Protein chains: 2
Amino acid sequence: MVTLAEVAQHAGVSASTVSYVLSGKRSISAGTRQRVERSIQELGYHPNAGARALASSRSNIIALMVPLRRDMYVPVMMEIAIAVATSARAHGYDVLLLTGEEGPDAVRRVTGSGLADAMILMDVELDDERLPLLRQTDRPSVLIGLPTDTTGLTCVDLDFSATGALCVEHLAALGHRDIAVIGEAPAVYERHTGFAERTLDGLRSRSRELGLRVLHRPCEGGYDAMALTLARIFDERPGTTGFVVQNENAVEPLLALLRQQGRAVPEDVSVVAVCPDQVATQASVRLTAVSIPAQEMGRRAVEHLVAKLEGHGDEEIVLLAPRLTVRASSGPAPSGS
Amino acid sequence: MVTLAEVAQHAGVSASTVSYVLSGKRSISAGTRQRVERSIQELGYHPNAGARALASSRSNIIALMVPLRRDMYVPVMMEIAIAVATSARAHGYDVLLLTGEEGPDAVRRVTGSGLADAMILMDVELDDERLPLLRQTDRPSVLIGLPTDTTGLTCVDLDFSATGALCVEHLAALGHRDIAVIGEAPAVYERHTGFAERTLDGLRSRSRELGLRVLHRPCEGGYDAMALTLARIFDERPGTTGFVVQNENAVEPLLALLRQQGRAVPEDVSVVAVCPDQVATQASVRLTAVSIPAQEMGRRAVEHLVAKLEGHGDEEIVLLAPRLTVRASSGPAPSGS
DNA sequence: CGCCACTGTCGAAGCGCTTCGACACGTCTT
DNA sequence: AAGACGTGTCGAAGCGCTTCGACAGTGGCG
């Protein structure tokens with residue numbers, strides 16, 4: 001291991017000078033700087049992370065807490081995680097991966113030990129038990145998601161309420177009157193993960209304004225569950241012509257089942273999805289959908305965090321505006337209805 | 001921030017005693033230990049990670065390098081990553097998330113700075129440019145995947161060669177003679193990611209022994225690509241009755257297209273997949289499949305790494321034996337053929 | 001009864017870096 | 001020409017922990 005002192009000696013300067021060359025916190029003459037940089041190169045010097053963290057009380061690490069659940073929206077989570085890692089690196093930070101499993105203890109551990117300078121939490125529940133800790137600590141944090149009480153917190157999320165509204169507006173404009181919503185698995189609602197409920201709220205209140213009828217059914221993914229759900233929907237509301245799907249694992253089963261039942265998409269039935277673009281374009285029918293901007297969410301979260309770490313921080317709720325892309329799965333309501 | 005010294009004072013012992021209570025590296029009388037532990041509790045002490053790393057030259061962090069690509073086998077990657085994080089915690093380590101993007105530089109950075117004690121690399125290519133660095137450094141590492149030259153390396157992977165063989169054996173036993181293999185996207189082969197080629201090798205050589213004919217076609221995911229691929233397969237080999245699919249994004253399109261063409265699964269055509277269990281059970285036909293034991297791979301990688309870090313390490317190639325689960329997508333070849 | 005080995009505790013020396021104040025110059029002002 | 005200032009560099013003091021050697025005290029043994 002090459003140390004700072006060795007570099008200093010090799011370059012004929014003091015250790016502090018090398019440190020200042022590295023950090024840029026004091027001005028250094030061009031000549032000295034070059035000499036030091038050459039020595040660093042030649043010796044293959046890498047600053048020791050531990051020593052640096054100890055001396056500066058900064059680890060240059062951001063902790064990212066991802067949900068452990070393997071049962072839902074995995075690609076979105078993965079995409080966010082990768083976006084976080086990539087943006088963090090671009091700002092000179094590394095990312096520590098924590099699983100949701102550890103819960104509040106992980107927050108305590110990481111902030112207490114100075115392992116990370118800041119945290120990003122994903123999969124935030126409406127009344128998340130980690131939030132009180134975040135409010136107490138003076139380490140910056142950003143949530144991806146939107147809890148009920150946001151005082152003192154910074155959040156980044158898609159505006160799911162507007163998303164729900166946007167979906168029904170689209171269907172309403174096409175003349176659909178009876179809408180069915182295929183939601184996430186029941187467990188997601190029971191956990192009070194905000195985004196599912198917010199979508200529903202936005203969707204319902206806009207529907208009321210537009211005079212649409214809405215039937216909401218949570219649904220585990222897969223064919224069997226979807227078949228059951230679909231049967232019950234048409235049982236209860238035979239006139240249903242519009243579907244809003246917010247469950248990646250239900251998208252393909254729904255399309256297959258509709259096809260099987262002789263209901264053509266989009267001639268007889270329109271489908272609007274809330275999902276990542278990739279899912280929308282790879283489905284058997286190219287889906288009209290509000291895309292979940294996973295990458296942007298990750299990027300924005302990091303940018304806010306870095307801003308806070310550098311002092312020019314701001315408590316803020318960032319709700320990304322949803323964008324609906326019309327593709328092949330939605331069309332005018334059949335005139336008969 | 002509460003420090004070790006403060007705990008020591010509060011408990012009426014020296015700092016080193018507190019340290020030994022924490023690490024267990026020297027024996028401490030029951031009375032003293034309890035007093036110290038109570039002080040730790042009362043003061044809410046958390047050891048400073050940086051100081052610890054500096055003094056002990058151990059960060060208790062394992063770096064995990066995940067592929068940046070968002071185009072393939074995402075759920076598998078995610079599952080491995082989560083399994084790594086969970087197992088690592090169980091052994092007292094945290095996980096640093098690196099993206100493949102940074103390439104060899106990340107390896108240099110992390111090992112050089114002592115940020116992590118060891119690394120796990122995913123998505124290893126046959127002739128990966130990170131390997132020379134790993135061989136040079138004295139920090140332990142484990143690959144998930146299998147490069148061409150494994151000297152001096154520890155690898156954990158599914159035995160994809162045996163996997164390929166197992167798939168055709170199953171089909172052969174059912175009387176199928178003409179097999180088509182739907183592979184990963186062409187890019188995966190071009191990158192020389194070992195697993196795809198190894199599956200193919202195992203599959204081909206066993207087919208030769210069993211007297212089967214094999215047609216291999218890489219395939220991007222999605223319906224359009226799959227439709228094209230499928231048409232060409234039946235064009236070239238109209239008698240094809242067995243499919244082996246190693247591409248999550250092609251599974252559902254394949255099933256849908258077969259259905260659409262009036263080919264019943266498993267009566268007319270059998271399908272064997274190589275995919276995680278979840279995909280196999282959630283598909284529109286419950287798939288006969290060799291499952292990819294993502295969790296076990298992650299767990300085993302961590303266990304090997306920890307063993308190395310604790311000294312009783314061993315260079316070793318761990319190839320997990322594939323297991324084929326028969327479900328509803330495979331059956332006897334149609335007698336006509 | 002005295003010696004040895006063991007057990008439990010302490011003090012001190014770092015680990016490699018950052019950062020503060022000091023200081024020696026050279027430059028600009030009056 | 002003398003003071004005021006700015007610039008570039010250095011030395012030293014930690015940051016909070018681990019770990020080594022030292023050393024009392026205790027008990028077992030011959």
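Chain letters run A, B, ... following the sequence lines, proteins first, then strands; residues in each count from 1. None of these values were measured; they are calculated from a predicted model.
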### Query
Distance-only, no hydrogens or angles: does the A:T148 side chain make a donor-acceptor pair with backbone N or O of A:L126 under 3.5 Å?
yes

### Query
Closer than 4.0 Å, any side-chain N/O of B:S29 to the OP1 or OP2 of C:dT9?
yes

### Nucleotide C:dC15, atom C1' - distance to CG of B:L115 in whole Å
16 Å

### Query
Per the atom types in the model, does the base of D:dT9 pair as donor or acceptor with the side chain of A:R26 at under 3.5 Å?
yes

### Task
Identify whether the distance between the nearest side-chain nitrogen and carboxylate oxygen of B:D105 and A:R89 falls below 4.0 Å.
no

### Message
Expressed as a whole number of angstroms, how long is the span from B:L54:CG to C:dG14:C1'?
### Response
9 Å

### Residue whose nearest DNA chain D nucleotide is more 5′ - A:A30 or B:V18
A:A30

### Message
By nearest atom, which of the nucleotides D:dT9, C:dG16, D:dC17 is closest to the A:I28 side chain?
### Response
D:dT9

### Task
Spell out, as yes or no, whether a donor-acceptor pair under 3.5 Å connects the side chain of A:R135 to the backbone of A:T151.
yes

### Task
Please tell me which of A:A51 and B:G12 maps to the more 5' nucleotide of DNA chain C, matching each residue to the nucleotide holding its nearest heavy atom.
B:G12

#### Entry: Phosphate contact (C:dG8 OP1 or OP2) by B:S27 side-chain N/O below 4.0 Å
yes

### Task
Report the distance from atom CZ of A:R58 to atom P of C:dT19, rounded to the nearest whole Å.
10 Å

### Query
What is the distance from CG of A:N60 to P of C:dT18, rounded to the nearest Å?
10 Å

### Query
How long is the line joining OH of A:Y20 and C1' of C:dC20, in whole Å?
7 Å

### Query
With respect to the side chain of A:T32, which nucleotide from C:dC17, D:dG8, D:dG16 is positioned closest?
D:dG8

#### Entry: Phosphate OP1/OP2 of D:dC10 contacted by A:S16 side-chain N/O (<4.0 Å)
no

#### Entry: Atom-pair distance (CD on A:Q9; P on D:dG11), nearest Å
12 Å

### Query
Will you find, in the side chains of A:T193 and A:R191, an N or O donor that is under 3.5 Å from an N or O acceptor?
yes

### Task
With heavy atoms under 4.0 Å as the rule, sort A:T3 into base, sugar-phosphate or nothing.
sugar-phosphate

### Query
Do the side chain of A:D117 and the main chain of A:S59 share a donor and acceptor less than 3.5 angstrom apart?
yes

### Query
Is there a side-chain polar atom (N or O) of B:R52 under 4.0 Å from OP1 or OP2 of D:dG16?
no

### Message
At less than 3.5 Å, do the side-chain atoms of B:S14 and the base atoms of C:dG11 form a donor-acceptor pair?
### Response
no

### Message
Does a side-chain N or O of A:S19 approach OP1 or OP2 of C:dC17 to a distance below 4.0 Å, or not?
### Response
no

### Task
Please state how far atom CG in B:L4 lies from atom P in C:dT9, giving the value in whole angstrom units.
15 Å

### Task
Find the distance A:K25:NZ to C:dC17:P and express it as a whole number of Å.
15 Å

